[in-house]
There are 2 protein chains.
Amino acid sequence: MKKEIPLLNNMNPAANTDFEKYEQKFKALADQQRLQIINILALKESVCVCDLTPIIDMPQSKLSYHLKILLEADLIQKEKRGTWNYYSLNVKELKGLLSDQLCCVFLPSCC
Amino acid sequence: MKKEIPLLNNMNPAANTDFEKYEQKFKALADQQRLQIINILALKESVCVCDLTPIIDMPQSKLSYHLKILLEADLIQKEKRGTWNYYSLNVKELKGLLSDQLCCVFLPSCC
DNA sequence: AAATTACATCAAATAATTTTGATGTTAGGA
DNA sequence: TCCTAACATCAAAATTATTTGATGTAATTT
């Protein structure tokens with residue numbers, strides 16, 4: 001049961017903006033475990049799930065779930081190479097979302 | 001049942017950072033209705049709840065609930081004047097969190 | 001071809017968040 | 001003092017998100 005959020009008057013630059021889109025992206029960011037995943041991806045450039053599992057203390061299906069949420073929010077990307085799935089940050093998207101300050105915190109390679 | 005998120009190695013700049021803190025802030029942002037509230041506050045500078053209620057289609061207790069979440073995340077501020085409670089954005093905090101691009105979307109006064 | 005590795009997906013259980021309507025509190029006015 | 005307006009808070013109900021363990025699938029190895 002999705003509720004409609006009424007738009008504001010057209011004096012408002014955000015009137016036509018999709019709050020929904022940002023809701024999804026912030027939801028994806030709003031979890032310590034996913035922030036940690038982002039953080040690891042930022043350090044390692046591109047990582048397969050098999051490398052992630054031992055680092056991050058999480059059952060595999062759970063990790064898969066969280067990766068999917070990040071993927072659907074377009075904050076990370078997936079690339080299949082043989083048997084492996086490599087994940088990497090969508091740095092452009094993240095930079096469009098986060099302040100420089102925050103980028104420095106979570107995406108050390110940015111600084 | 002809060003789970004501990006294991007810290008990363010100390011090569012990692014975010015190792016000692018409180019993911020918890022950012023989780024809270026992103027959670028506060030991760031809701032269309034709260035984004036709308038932020039958006040209205042950005043337009044109006046400082047608004048009492050009684051002015052907000054007719055604009056935003058929401059029962060009063062619900063509005064109060066969402067304002068509290070934004071307040072606890074330190075994204076907005078509250079000032080009591082007589083019977084009225086005036087809310088305003090914590091622009092500094094928001095700027096420290098959001099990219100310039102996003103600030104422009106949600107906080108039109110920034111651009 | 002069978003077995004194994006590296007995942008994704010699913011359904012049920014659990015937990016967290018949001019919504020609602022009722023009630024509480026405080027300040028100001030009659 | 002009593003009444004009302006402007007909120008906040010509370011507890012129960014409804015909704016949504018997360019966790020878990022099991023199962024499915026595709027690629028690789030043997």
Side-chain angles (χ1 to χ4, degrees), chain A residues 1-6 19-20 22-38 40-41 44 46-73 75-88, chain B residues 1-6 19-20 22-38 40-41 44 46-73 75-88:
Chain A
M1 187 190 70
K2 278 266 179 183
K3 278 267 192 64
E4 272 304 308
I5 304 294
F19 287 117
E20 205 173 325
Y22 292 106
E23 180 185 62
Q24 188 194 15
K25 288 176 193 295
F26 287 130
K27 271 207 173 99
L29 289 169
D31 182 284
Q32 287 186 66
Q33 302 176 97
R34 290 193 290 268
L35 289 177
Q36 194 192 358
I37 292 172
I38 289 176
I40 294 173
L41 293 182
K44 303 231 174 185
S46 180
V47 185
C48 70
V49 182
C50 56
D51 284 339
L52 227 41
T53 321
I55 300 179
I56 201 163
D57 182 33
M58 220 180 262
Q60 178 262 319
S61 66
K62 190 176 170 180
L63 179 55
S64 213
Y65 166 77
H66 285 297
L67 286 170
K68 193 178 187 192
I69 285 181
L70 290 170
L71 196 62
E72 285 172 347
L75 302 184
I76 64 176
Q77 295 149 332
K78 183 182 183 173
E79 192 201 343
K80 183 156 200 163
R81 289 186 226 153
T83 320
W84 297 276
N85 282 338
Y86 284 83
Y87 285 92
S88 60
Chain B
M1 188 190 70
K2 278 268 181 182
K3 278 267 190 67
E4 271 305 308
I5 305 295
F19 287 118
E20 205 173 324
Y22 292 106
E23 181 185 61
Q24 188 194 14
K25 288 176 194 294
F26 288 130
K27 270 206 173 101
L29 289 168
D31 182 284
Q32 287 187 66
Q33 303 177 94
R34 290 194 289 269
L35 288 177
Q36 194 192 358
I37 292 172
I38 288 176
I40 294 172
L41 292 182
K44 302 231 173 185
S46 180
V47 186
C48 70
V49 182
C50 55
D51 284 339
L52 227 42
T53 322
I55 299 178
I56 201 164
D57 182 32
M58 219 180 263
Q60 179 262 321
S61 66
K62 190 174 170 180
L63 180 54
S64 213
Y65 166 77
H66 285 297
L67 286 170
K68 194 178 184 190
I69 285 182
L70 290 170
L71 196 62
E72 284 172 348
L75 302 184
I76 64 175
Q77 295 149 331
K78 184 183 183 174
E79 192 201 342
K80 183 156 203 164
R81 289 185 225 153
T83 320
W84 297 277
N85 282 339
Y86 284 83
Y87 285 92
S88 59

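Within every chain, numbering begins at 1; the chains are lettered A, B, ... in the order of the sequence lines, protein sequences first and strands thereafter. These values consider heavy atoms only, across backbone and side chains, with no hydrogens, waters or symmetry-generated copies.
Distances shorter than 4.0 Å separate none of the side-chain N or O atoms of B/K62 from OP1 or OP2 on C/dT18. A close approach under 4.0 Å does not occur between any side-chain nitrogen or oxygen of A/K68 and OP1 or OP2 of C/dA8. OP1 or OP2 of D/dT19 sits under 4.0 Å from a side-chain N or O of A/H66. Listed pair A/K78 / C/dA8 meets the phosphate criterion, a side-chain N or O lying under 4.0 Å from OP1 or OP2. Taking 4.0 angstrom as the limit, A/Y87 places a side-chain polar atom (N or O) nearer than this to OP1 or OP2 of C/dA8. A close approach under 4.0 Å does not occur between any side-chain nitrogen or oxygen of B/N85 and OP1 or OP2 of D/dA6. Within the 4.0 Å cut-off from OP1 or OP2 of D/dA6, not a single side-chain nitrogen or oxygen of B/T83 is found.
Of the candidate nucleotides D/dA8, D/dT9, C/dA8, C/dA8 has the atom nearest to the side chain of A/S64. Across C/dA6, D/dT9, C/dT9, the shortest atom-to-atom separation from the side chain of A/W84 is found for C/dA6.
The nearest whole Å value for the distance from the CD atom in A/E72 to the C1' atom in D/dT18 is 14 Å. Here C/dT17 presents its C1' atom at 16 Å from CG of B/L29, a figure rounded to the nearest Å. Rounded to whole angstrom, the span from the CG atom of A/L67 across to the C1' atom of D/dT19 amounts to 15 Å. A straight line from OH of B/Y65 to P of C/dG21 spans 17 Å, rounded to a whole angstrom.
Heavy atoms of B/R81 sit nowhere under 4.0 angstrom from any nucleic acid atom. As judged by a 4.0 angstrom heavy-atom cut-off over every strand, B/Y86 is placed among residues making no nucleic acid contact. A/L63 comes within contact range of no nucleotide atom at all, as no heavy-atom separation falls under 4.0 Å.
Residue-to-nucleotide contacts include a donor-acceptor pair under 3.5 Å from the side chain of A/Q60 to the base of C/dA8.
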